[in-house]
Amino acid sequence: MFIIITGLLLGGTYALIAMGLNLQYGVARIMNLANGEILVAGGLAAFWVYTAGQVSPILALFLVAPVAFAVNWLLYRIMLEPLVLRAKSRGALEVDSILATFGLSFIMIGIALMIYGGGYFNYSYLSTRVQIFDSSFALNRVVAFALAALIALALWLWLSFTRPGMTLRAVAVSPENARLVGIDVRRVSALAFALGGAITAMGGALISMFVTLDASTDGVIFTMKALIIVIMGGVGDIRGTVIAALLLGIAETAVGALISPGLTLAAAYVLFLLVLLFRPQGLFGRTTL
Amino acid sequence: MATTMTRDVLSVRGLTKRFGGLVAVNGMSFDVREHEVMGIIGPNGSGKSTMINMISGALQPTAGTITLNGQQISGLPAYQINRRGVSRTFQLVRPLNELSVMENVVAGAAFGHRRRWGHEAEAFAETLLQKVGMGRHIHLPVASLTYIDTKRLELARVLASEPEVLLLDEWLAGLNPTELTTGIELIHSLRAEGRTIIVVEHVMDAIRSLCDRCVVMSSGAMIAEGTPAEVLADREVIRAYLGDEDDA
Amino acid sequence: MSATDYRNLAISAGLVGLVALMPFYASGYVMTLAVTVAMFTVLATSWALFSGPTHYISLATAAFYGLGAYITGLGIDHLPYWTLPLIAGVAGAIVAALVGVATLRLSGVYFVIFTLGLAELIRQLVTFAQVQAGRQGFYVLTSISETMIYWQLVALAAVVWLVGWLIWRSRLGFALRIIGNDETVARHSGINTAQAKVLLFMVPGAAAAIVGAIMAPRYVYIEPSMAFGPILSFQVVIMALLGGTRRLWGPIAGVIPFTLLWEVISGNMPNQTYLLLGVAFLLIVYVLPGGFVGLYEKALHRWREGRAA
């Protein structure tokens with residue numbers, strides 16, 4: 001029981017991060033391999049405002065979100081849109097965006113190392129314990145989970161019931177048809193990319209409340225986890241993303257608690273392998289034509 | 001025409017394709033005889049492309065069988081079907097842009113039904129390029145070819161494996177009137193060589209002048225079969241194309 | 001084979017011979033660099049054989065390399081030295097085939113992530129196994145000198161070039177170029193695309209594992225985080241793409257300048273190697289999409305047009 005709840009608490013934040021990546025890949029068609037660094041940057045920002053100004057990481061979200069939105073919007077417009085425009089095929093865009101976002105991720109690591117000098121950072125916030133069923137959990141994990149669920153719910157409502165949300169989904173389904181009905185696909189793609197980045201960064205701020213992050217190596221690990229979740233859940237499938245994220249959270253916690261904490265990524269990877277071999281279209285994915 | 005005397009090369013029986021709840025092709029059955037040009041026609045969304053995609057192996061049928069010279073090919077991967085002797089063009093032409101014109105044609109010869117490689121393949125490719133009217137363009141980069149030339153190139157690539165059955169998926173679509181005449185002549189010349197061809201077409205003139213027989217599809221099912229003159233006079237076919245308003 | 005083929009072969013053999021004589025005239029520091037260059041030449045050239053025509057970005061180099069290094073580490077006390085690179089090559093090819101079967105029928109993104117994770121997965125498993133066995137790594141103590149490592153690498157590079165040249169001329173090589181252009185057309189032209197990709201992916205798999213096996217004695221002490229370090233995979237991708245994958249000699253044109261630059265930067269500002277990797281990636285995407293080979297071809301084209309005019 002303890003493992004399942006801890007896993008769910010972790011999975012909640014994972015879901016948020018993966019939703020960010022899913023928006024970027026599903027709508028803007030950019031596989032953003034710097035996604036994990038955006039996350040770490042969000043975490044660093046929360047760490048910074050907390051240690052420098054004793055500002056709560058929850059309040060920091062209100063700073064992190066708009067800044068990450070703006071930065072990601074600029075990144076898309078300046079770096080990635082030219083690649084979309086010059087790409088002769090989906091495959092060419094894929095290779096270009098993989099290489100470009102890898103470049104971006106290394107540059108972000110380089111900058112982080114320049115500013116902070118070293119790798120690890122963590123801080124202690126809401127580290128009291130709360131009782132759920134018969135076990136006790138760190139309050140920061142519970143709060144982070146609740147906030148992640150809140151943000152994810154807001155995103156889902158926005159995508160499902162508002163006009164801009166619907167245009168986003170239309171582009172996700174078919175950019176060509178969206179263009180035909182008068183949607184400005186370039187603008188919507190930039191919006192989705194920026195929004196995805198903002199959500200990932202918020203996820204990073206939340207996760208920094210209870211996980212020690214390493215600026216130089218953790219980005220790529222979170223990118224991998226987010227990707228594994230997106231692929232498991234299915235590109236463009238919010239429900240699938242949430243379920244896959246919770247599954248991953250539980251699997252990692254179980255392996256970490258029962259076998260060895262050193263094998264958490266291996267657990268994620270084995271899950272990924274199973275999905276690739278048996279459900280390459282995602283857990284709930286429809287086979288596309 | 002003494003069609004009864006020639007044998008069936010390709011036979012389709014009860015072929016069905018479902019995408020989730022949508023039935024794109026529903027229980028289609030027909031035969032293609034040796035040396036004939038058979039047309040598959042029908043309004044947009046009637047399942048013609050799905051049909052071609054199943055015959056060429058791009059899609060797996062949900063039910064039913066396809067046999068080539070008595071051997072079942074349905075269920076095989078596309079490359080196997082090509083090696084058995086079914087070769088196709090694409091509705092949206094797909095030239096190999098980073099390869100030379102010559103290599104584009106050799107690509108069809110090197111791995112397909114009747115394999116050629118090296119000098120033999122190049123010599124054969126050159127003959128085919130002459131045949132489709134691209135003799136002068138052998139040394140141009142593929143990216144600089146005109147639209148009809150990319151279509152010709154694709155035709156040469158498909159011919160290069162000497163297929164038993166040739167699938168032309170709207171090969172004439174998008175050509176201007178002059179090009180259309182040239183295109184129809186080209187297919188005529190293939191027909192004169194005694195090739196077995198399935199064409200999916202929208203261009204009615206082409207169907208009338210090229211096809212020995214036609215099957216007409218509507219909403220995934222066959223609604224008529226016969227010579228172009230017969231099917232184009234069929235009331236149900238006219239209704240399928242023009243809608244029901246005329247009957248009211 | 002044509003006369004040009006024989007000429008090119010002779011020139012290449014002569015160059016390889018000249019390079020192989022380096023230990024007789026170069027200083028110790030230069031030889032250390034030369035070993036690194038030779039190592040990356042094998043890794044980047046074999047990487048480009050597969051990833052060049054197919055456009056599948058493989059980040060599995062570190063996984064194969066570490067595998068090879070561990071085979072030497074585990075086998076050195078029990079088997080004759082010369083068998084170890086061979087065993088590593090076979091093991092690398094088998095692992096590559098397994099990875100290929102699992103991922104190569106899927107799109108490129110899956111492949112990148114899978115290969116990136118592979119090294120990390122193996123590293124975690126090996127670390128776990130070693131902790132269970134109560135150790136962190138082990139010593140590889142041999143009498144193999146740096147010069148011998150160098151010669152083995154140069155010989156391996158020659159083999160990789162030869163294999164690459166033969167593949168390039170073969171139907172397999174042609175099939176991969178078609179796949180790289182349009183996989184749908186390839187399938188409908190009778191090419192077993194999955195098989196072709198898996199076969200070719202075994203080449204860099206085997207080559208990187210052999211390189212790992214050859215390099216192991218140089219480290220003396222082998223531990224997982226070093227043998228499976230992911231940076232190696234990224235370096236190889238950058239070098240190969242910087243040089244260009246459309247020619248067999250392309251990758252080495254990227255290996256030499258990037259290795260030297262890396263030496264300078266990692267020696268003076270070790271934290272800035274990340275920035276170097278990042279800038280190199282962006283350079284490849286935005287400035288040099290065809291690598292140095294692309295520049296060369298453009299210049300050649302212009303020169304020919306100038307002469308024709």
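Keep in mind the model is a prediction, meaning the values are calculated, not measured. Any value given below was found using the heavy atoms of this structure, including those in side chains, with hydrogens, waters and symmetry copies removed. Every chain is numbered from 1 and lettered A, B, ... according to where its sequence line falls, protein lines coming before strand lines.
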Return the minimal non-hydrogen interatomic distance between Ile231(C) and Phe106(A), and the atom names on each side. CD1-CE2, 4.2 Å
Roughly how far, to the nearest 0.5 Å, is NE2 of His55(C) from CD1 of Ile98(A)? 12.5 Å
Stepwise, does the side-chain contact (heavy atoms from CB on, under 4.5 Å) test hold for Val275(A) with Tyr110(C)? CA-CA 11 Å; Val275(A) 170; Tyr110(C) 294 66; over 6 Å; no
Between Leu104(A) and Phe281(C), is any pair of side-chain heavy atoms under 4.5 Å apart? no
At their closest point, which heavy atom of Ala102(C) faces which heavy atom of Leu273(A), and how far apart are they? CB-CD1, 4.5 Å
For a quick test of reading the model, state the closest non-hydrogen atom pair linking Leu282(C) to Gly103(A) and the distance between them. CD2-CA, 4.2 Å
Cut-off 4.5 Å, heavy atoms of chain C, and the answer for Tyr269(A) is side chain
Using the ring of each side chain (for Trp, its six-membered ring), is Phe272(A) parallel, tilted or perpendicular to Phe114(C), with breaks at 30° and 60°? tilted
Go through Leu275(C) and Met114(A) one step at a time and tell me if the side-chain contact (heavy atoms from CB on, under 4.5 Å) criterion holds. CA-CA 10 Å; Leu275(C) 268 184; Met114(A) 250 200 303; 3.9 Å; yes
Side chain of Tyr274(C), backbone of Ile107(A): donor and acceptor closer than 3.5 Å? no
Can you confirm whether more than 12 heavy atoms, excluding those of Arg186(A), are under 6.0 Å from its CZ atom? no
Shortest non-hydrogen pair, Tyr286(C) vs Met79(A), comes out as OH-O, 2.5 Å
Straight-line distance of Gln272(C) CD to Ile111(A) CD1, nearest 0.5 Å: 9.5 Å
Interface residue of largest heavy-atom contact number with chain C, from Leu83(A), Val220(A), Leu33(A), Ile221(A), under 4.5 Å: Leu83(A)
Examine whether an atom of Leu263(A) lies under 4.5 Å from a heavy atom of chain C, and if so say whether it belongs to the side chain, the backbone or both; otherwise answer neither. both
What part of Leu241(C) gets within 4.5 angstrom of chain A, counting heavy atoms only: side chain, backbone, both, or neither? side chain
Side-chain touch Leu99(A)/Val237(C), heavy atoms, less than 4.5 angstrom: yes
Less than 4.5 Å to any heavy atom of chain A: does that hold for the side chain of Val131(C), its backbone, both, or neither? neither
One option among Thr264(A), Ile228(A), Leu227(A) has the most heavy-atom pairs under 4.5 Å with chain C, and it is Leu227(A)
Just so I know, are the side chains of Val112(C) and Phe102(A) near enough to count as touching, which here means a heavy-atom distance under 4.5 Å? yes
Tell me, for Leu265(A) versus chain C, whether the close heavy atoms (under 4.5 Å) come from the side chain, the backbone, both or neither. both
Name the region of Ile113(C), side chain, backbone, both or neither, that has any atom closer than 4.5 Å to a heavy atom of chain A. both
